[in-house]
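Inspection log for the structure reproduced underneath, given as structure tokens.
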Amino acid sequence: MITHEPNPIYRAAPSRYENMPYQRCGKSGLLLPRLSLGLWQNFGAVDSLANARAMMHRAFDLGITHFDLANNYGPNYGSAESTFGQVMADGLNHYRDEMIISSKAGYDMWPGPYGVGGSRKYLVASCDQSLKRCGVEYFDIFYSHCMDPDTPLEETMGALDYIVRSGRALYAGISSYSPEQTRKAAAILKELGTPLLIHQPRYNLFDRWIEDGLTDVLDEEGVGAIVFSPLSQGMLTDKYLGGIPKDSRAARADQIYLNENDISEQTIEKIRALNELALERGQTLAQMAIAWVLHNTTVTSAIIGASRVEQIEDSVSALQNLQFSNEEIATIDSIVK
Ligand SMILES: NC(=O)c1ccc[n+]([C@@H]2O[C@H](COP(=O)([O-])OP(=O)(O)OC[C@H]3O[C@@H](n4cnc5c(N)ncnc54)[C@H](OP(=O)(O)O)[C@@H]3O)[C@@H](O)[C@H]2O)c1
């Protein structure tokens, strides 16, 4: 029998559980780290494997037990999961039982009618592909990445229930569903016997849509919230105050989700004012932006992205001050509204 020895190049830091707080996800038994690491950007085939590995190792050493993926993260589609699988195979998989790994399907993944949407056909096939790329036997959380208006919600939730019952995942989640869709999804899953664990919406100082009904639904249904893009893809940091750095997301030619036009003079004015407030609090703007999303009592965890190890270290330090005075909240509201 061949036994698997952990790769001697990676041994997790013995101190990894000393500083990271873990919060219960809704009314489930699962605790999530207040910060999770997302592999949407900077972990693709075009990026440095050594840098990706260093970021994953540093995150885990700092107590970030949760890594968030999706079938189409890259570029190219699938390649972030392949990178993740390589780093797992290099030794991180020795810690599999200490990790929460999630993936998703919903947006377009492969050509034809079965590579997009919310059908049982697509979700189950995509989950199987993702498991292979990640080199894991199961996901901890599997998500419907987006609501598909052309597929009955019963079918999409039935697929998540099947994915859990067949052992492909332990918990079910949804992403970017509206409050009404979330309530319906939770009811269907409850009836099926696989409770809805978690919702993954965008939430940051510039995008507060979840406050308009979604958080109420999540609280009432006992569902956790893990919010994405807490830094608005890097805009809620001091990096764009002096122009657009060459090594920033907004300057990257291979990605379409943030570009120079998003960084208008009006936005920069708000960022500058927020940056001043952050400095008064003794934080970087990135830290204050993360603290602000975690200050919302519905939020279980914030999924950060990163392009280098230092950013992960900076972001984790946000956890040292999650408190806001009423005056600070009022100042923030007046700046961003
Ligand atoms: N469910 C969904 O539909 C969905 C959609 C989007 C994202 N997500 C999830 O959420 C994760 C995070 O999204 P995101 O990458 O947009 O998150 P984000 O945390 O808002 O932005 C990450 C970017 O901010 C910059 N950054 C991070 N930490 C910094 C720091 N301490 N100081 C200065 N700059 C810093 C880096 O930009 P540079 O690259 O410019 O250095 C980094 O790439 C994704 O990986 C994915 O897992 C889910």
Side-chain angles (χ1 to χ4, degrees), residues 35-44 46-48 51-52 55-56 58-59 62 64 66-74 80-81 83-84 100-108 141-147 173-177 198-207 209-210 225-252 254-260 262-263 271 274-275 278 283-294 299 301-319:
L35 285 187
S36 303
L37 182 66
L39 281 71
W40 176 35
Q41 308 271 336
N42 305 311
F43 290 83
V46 298
D47 300 299
S48 151
N51 190 45
M55 289 195 285
M56 285 175 62
R58 188 67 181 130
L62 289 168
I64 297 180
H66 179 23
F67 296 86
D68 183 67
L69 293 143
N71 55 358
N72 60 358
Y73 290 175
E81 289 183 328
T83 299
F84 180 85
I100 299 296
I101 305 166
S102 60
S103 191
K104 322 180 185 82
Y107 294 114
D108 66 299
I141 307 169
F142 195 77
Y143 289 90
S144 160
H145 207 160
C146 52
M147 164 79 186
I174 56 176
S175 177
S176 301
Y177 279 50
I198 197 164
H199 189 301
Q200 187 176 130
R202 175 163 49 222
Y203 184 49
N204 59 54
L205 280 161
F206 289 156
D207 184 352
W209 77 274
I210 70 168
I226 182 161
V227 299
F228 68 78
S229 299
L231 302 178
S232 194
Q233 299 200 60
M235 284 205 285
L236 286 163
T237 70
D238 58 9
K239 84 172 57 199
Y240 294 114
L241 288 177
I244 298 182
K246 282 203 178 66
D247 60 353
S248 65
R249 187 178 296 187
R252 277 182 73 147
D254 62 355
Q255 73 91 35
I256 53 170
Y257 299 98
L258 182 73
N259 58 55
E260 299 186 8
D262 296 313
I263 304 167
I271 296 170
L274 289 169
N275 190 49
Q283 289 185 313
T284 63
L285 175 52
Q287 290 167 350
M288 185 178 82
I290 289 167
W292 184 85
V293 299
L294 293 176
V299 174
S301 179
I303 318 179
I304 54 168
S307 62
R308 61 208 78 159
V309 164
E310 297 74 29
Q311 291 176 347
I312 296 173
E313 292 166 344
D314 182 59
S315 297
V316 167
S317 296
L319 299 168

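Side-chain atoms are counted along with the backbone in the values below, which use heavy atoms only and exclude waters and symmetry mates. First listed ligand is number 1; within each ligand, the first listed atom is number 1.
- Taking distance alone, with nitrogen or oxygen atoms compared against 3.5 Å, Ile304 stays at or beyond that limit from ligand 1.
- Taking a 4.0 Å cut-off on heavy atoms, Tyr257 fails to register as neighbouring ligand 1.
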Chi angles and distances behind the ring pair (Phe, Tyr, Trp, His ring centres under 6.0 Å) call for Phe228, Trp40: CA-CA 10 Å; Phe228 68 78; Trp40 176 35; 7.5 Å; no
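- Of the polar atoms of Ala286, none of the N or O atoms is found under 3.5 Å from an N or O of ligand 1, judged by distance alone.
- Taking distance alone, with nitrogen or oxygen atoms compared against 3.5 Å, Asp68 approaches ligand 1 more closely than that limit.
- At under 3.5 Å, a nitrogen or oxygen of Gly38, whether backbone or side chain, sits near a nitrogen or oxygen of ligand 1.
- In this pair, Phe84 and Phe67 present their aromatic rings tilted. The plane angle is within the 30 to 60° band.
- Taking Asp47 as the reference, Arg252 meet the salt bridge (Lys or Arg N to Asp or Glu O under 4.0 Å) condition, with sequence neighbours excluded.
- Residue Ser176 places no N or O, backbone or side chain, under 3.5 Å from any N or O of ligand 1.
- In this structure, Glu313 does not count as a contact residue of ligand 1, since none of its heavy atoms falls inside 4.0 Å of the ligand.
- Every N/O-N/O distance between Lys104 and ligand 1 stays at or above 3.5 Å.
- Checked against a 3.5 angstrom limit, the closest N/O atoms of Ser248 and ligand 1 fall outside it.
- Among residues two or more places apart in sequence or in another chain, the salt bridge (Lys or Arg N to Asp or Glu O under 4.0 Å) test is passed with Glu313 by Arg58.
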